[in-house]
Amino acid sequence: MPTLAEFAHRASVTNVIEGTVTATRPLVTQPANVVETILTVDVTRQRDDSRPTTVEVREQGGLVQVSQVRSDFEGKLGRELEPGELDEWVDFRSDGVEHAGVGEQVLIVVGPDSTRGADAYVGLARLKGSRGGNYAWPGRSPNPSWETSVDADALLSPPAGPSLVPVLPPPLLELDPRSTGRSTWIRFQKWSRGRGEGGPPRTSGGAPPRGRPP
């Protein structure tokens, strides 16, 4: 399983943002009554500095009135709800995660929200500020193996590039001083002692191998 830092550097992750929630509003998508919350975040730090500093993050769950999802309740109860019941509030939570509140310091791993524009994201993992400067999960961690206290710098740093592998030069070549005329015999400066191992066979008396130009 990937660590949180490895997850944050996946190709599907657009950015990692740190900032303050300045507004929240519920979003209910019909006909399935999918409940989400739109967070407006004033960004103080982010991994991609080219992105906007005021963004919206869409995440699962939210606090809505029963009237906004009445078909769910009326379908289960088998009757129409009374006016007083429609004014009640219902809390939808994903894995028991607390909703972010206005003024809360957050650290969010985000992906692209293609339906809402360049200044909008989908929240993939949100943490809230805690005492001591680190961040903690506002409920159950999306992955039980991830650490419970997170240093923002580890997620905000850009991914490391590929390591550089030195490229060795090809074997050095030198002109054989015994060559004459227009035909030139070029030999490797270094080769193996045996035959068929990357170099010409050894010869005696300084003469070039058979079949080579004199």
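Small disclaimer: the values here were computed from a predicted structure and weren't measured. Values below: all heavy atoms of this structure, side chains included; hydrogens, waters and symmetry mates excluded.
Between Glu36 and Arg25 there is no salt bridge, since none of the side-chain N atoms of the basic residue sits less than 4.0 Å from a carboxylate O of the acidic one. Taking the charged nitrogens against the carboxylate oxygens, Arg93 and Asp95 have no contact shorter than 4.0 Å, which rules out a salt bridge. Checked for salt-bridge contact, Lys128 and Glu104 miss the test: no charged N lies under 4.0 Å from a carboxylate O.
The shortest side-chain heavy-atom distance between Leu155 and Tyr135 does not fall under the 4.5 Å cut-off. Between Glu74 and Arg79 there is no side-chain heavy-atom pair separated by less than 4.5 Å. Between Glu59 and Arg126 there is a side-chain heavy-atom pair separated by less than 4.5 Å. Counting only heavy atoms from C-beta outward, the side chains of Gln60 and Val97 never approach each other to under 4.5 Å. Within the 4.5 Å cutoff, no side-chain heavy atoms of Thr20 are placed close to those of Val41. Side-chain contact between Val16 and Leu107: present, with at least one pair of heavy atoms (C-beta onward) separated by less than 4.5 Å. Residues Leu81 and Val66 form a side-chain contact, since some pair of their non-hydrogen atoms from C-beta on lies under 4.5 Å apart. Here the side chains of Val150 and Leu4 are in contact, with some heavy-atom distance below 4.5 Å.
Considering all non-hydrogen atoms of both residues, Leu156 and Arg47 come closest at O-CG, 3.1 Å. For the residue pair Val110 and Leu124, the shortest heavy atom distance occurs at C-CD1, 3.8 Å. When every heavy atom of Pro26 is checked against every heavy atom of Val64, the shortest pair comes out as CB-CG1, 3.5 Å. Of all heavy-atom pairs between Asp87 and Gln65, the closest is O-NE2, 3.4 Å. Taking each heavy atom of Ser12 and Pro112 in turn, the nearest pair found is O-CD, 3.7 Å.
In this structure, OG on Ser149 lies 9.5 Å from CG on Leu127, to the nearest 0.5 angstrom. In this structure, CD in Glu85 is found 12.0 Å from OG in Ser67, a value given to the nearest 0.5 Å. Separation of atoms CG (Leu77) and CZ (Arg70) is listed at 11.5 Å; rounding is to 0.5 Å. Put simply, OH on Tyr121 and CD1 on Ile17 are 6.5 Å apart, with the number rounded to the nearest 0.5 Å. We find the OG1-NE2 distance between Thr24 and His99 to be 9.5 Å, quoted to the nearest 0.5 Å. To the nearest 0.5 Å, atom CH2 of residue Trp89 and atom CD of residue Gln68 are 6.5 Å apart.
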Residues Leu39, Arg58; criterion side chain to side chain contact (heavy atoms under 4.5 Å, CB included); working and verdict: CA-CA 6 Å; Leu39 308 178; Arg58 177 165 55 92; over 6 Å; no
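Judged by distance alone, with hydrogens and angles left aside, the side-chain atoms of Asn143 form a donor-acceptor pair with the main-chain N or O of Ser145 at under 3.5 Å. With hydrogens and angles disregarded, a donor-acceptor distance shorter than 3.5 Å links the side chain of Glu6 to the backbone of Thr3. Counting only distance, with no hydrogens or angles, the side chain of His9 and the backbone of Ser157 share a donor-acceptor pair below 3.5 Å.
Residues Asp72 and Asn33 have side chains that bring a donor and an acceptor to within less than 3.5 angstrom of each other. For the residue pair Thr22 / Asp42, no side-chain donor-acceptor distance below 3.5 Å is found, with atom types taken as modelled.
Contacts of Glu80 classified as side-chain hydrogen bond (donor to acceptor under 3.5 Å, both in side chains), with partners at least two apart in sequence or in another chain: none.
Between Phe7 and Trp146, the two ring planes are tilted [angle within 30° to 60°].
When the shell of 6.0 Å around CZ of Arg45 is examined, it contains more than 12 heavy atoms from other residues, nucleotides or ligands.
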